[in-house]
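Below is one structure, written out as structure tokens, with a few remarks after it.
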Amino acid sequence: MIKIVNLHKKFGTLGVLKGVNIEVNKGEVMVIIGPSGSGKSTLLRCINLLEKPTSGQIFFDGEDITAKKVNKNLVRQRLGMVFQSFNLFPHMTALGNVTIAPLQVLKMKKDEAKKRGVELLVKVGLKDKIDVYPNQLSGGQKQRVAIARALAMNPEAMLFDEVTSALDPELVKEVLDVMKDLAKSGMTMLVVTHEMGFAREVGSHLIFMDEGQILEEGRAADIFDNPQHPRAKAFLDAVL
Amino acid sequence: MQGLIDLVDKYFSLPVIKEVLPYLLKGALFTIIFSAASEIIGIIIGLLTSIVRVTRIKVLNHLAIVYVDLFRGTPLLMQIIFIYYALPYVGINLPAPLAGIAALSINSGAYVTEIFRAGIESIDKGQMEAARSLGMSYIKAMRYVIIPQTIKRVLPPLTNEFVALIKDSSLLSVIAISELLRTAKEMMTWKLNPSSLTAAAILYLIITLPLTRYVSYMESKLKRSGV
């Protein structure tokens, strides 16, 4: 479903991605781990076209989305993204956040968007926060609204960029639980995370990145139990 | 003691003020109309120009910079005189009220541009990214996500700008518009007593004080909400 071919990204002279190749199939949960600054987030941001790759190609359902003539807005409608810093719209209620894109981008009818928005907020466990503004929500609640907001566009795949890194430890689980449910429902997911427990339990596929390259790739359990590359080994020893 | 009595007699003469007040009120009404009309047009000009500035559309951006520099960097009085007295030579013949509103609007537009630009740039860039990641176009992201948040933040500086504009509108007296200050000066020569100026000053305060109070209120409210 998502195929990345020889992706390079440079910021000025600094190479952040150095020839990344990935293939994610439908329904797979691809977890990307690695030390800070290894290019994990940049990779996700390239897939969502928030960063323009320096070279290489990204195919989404067979279409090269790095091609010039591609309508970025249409690609992004099909790819949900959740950020580390939530980025909820502070001037809208939880429901407003979830319905704004369906209303303005998909031109969905008001009742329909509202009905679907409420459904999604219930699904992420925020039934009693529907009309609450973001500044009255905890970090975990904010992030669950952000997930519902991305889901409201009915994306074909979801990108999670360190979505629990800004959360207090006791709020991490509620967000991961929502992601687990999502994975179980068959959503294709790319997850950049430092939550190794989650990576192992939910990840169908795992990638270890360092310095802009994929150093190890395979089934999550295999890599955790028996990492091959010395740097992957050192990293896992340090974090587990 | 005699000095004090003379001062009260010349500058705080109640009988004179009572007599000229109806004329001054009419002048004040003109001041409000001219300022409000110019502020509205200035906001429209400023909002559009600020969007040109933040999107950095090449040629337009340079034009916008020239416009802002030119009108913020020269005296408003000069701009009013140019628009009213110089433009007729190139065939643009605006009647005084229109020339006045044009000058004030274009001048305030330059200030409003910078207020909006600062406001837009103060919004966390994650907001634009989140909006774009949902598939919104740049324009929709601006319209539904960035600008509404900007409005809240720019209301205090925008109101301050409006207060400045109200006071600056007194410069329209040079092209014979009977706004508050000009009316007061006319009353002064008619009555041979400058108490009308004092009354005009009080009227200016009555117009501007609620606005400056409102700014303080908004600023403290924004601080509390943390938006």
Check your understanding: If you look at every heavy atom in B:P210 and B:I207, which pair is closest and at what distance?
Key -> CD-O, 3.5 Å

Check your understanding: Heavy-atom distance under 4.5 Å to chain B: side chain of A:L106, backbone, both or neither?
Key -> neither

Review point. Counting heavy-atom pairs under 4.5 Å to chain B, which of A:Q77, A:M81, A:Q104 comes out on top?
Key: A:Q104

Exercise for review: Identify which part of A:F83 has an atom lying under 4.5 Å from any heavy atom of chain B, answering side chain, backbone, both or neither.
Suggested key: side chain

Practice item. Take A:N154 and A:R116 through the test side-chain hydrogen bond (donor to acceptor under 3.5 Å, both in side chains) and record every step on the way to the result. Key: CA-CA 10 Å; A:N154 266 328; A:R116 171 134 177 79; 2.9 Å; yes

Practice item. Please flag which part of A:R149 lies under 4.5 Å from any non-hydrogen atom of chain B: side chain, backbone, both or neither. Key: both

**Study point:** Over-ring placement of A:K9 relative to A:F11, 6.0 Å and 45° cut-offs
**Key:** yes

**Study point:** A:T164 side chain to A:Q143 side chain, donor-acceptor N/O pair below 3.5 angstrom
**Key:** no

Check your understanding: Between A:L74 and chain B, which part of the residue has a heavy atom less than 4.5 Å away: side chain, backbone, both or neither?
Key -> neither

Point to revise | Proximal component of A:M153, with respect to chain B [non-hydrogen, under 4.5 Å] | key: side chain

Revision key, fill the gap. Distance col, row A:L159:CG vs A:I2:CD1, nearest 0.5 angstrom, shows 6.0 Å

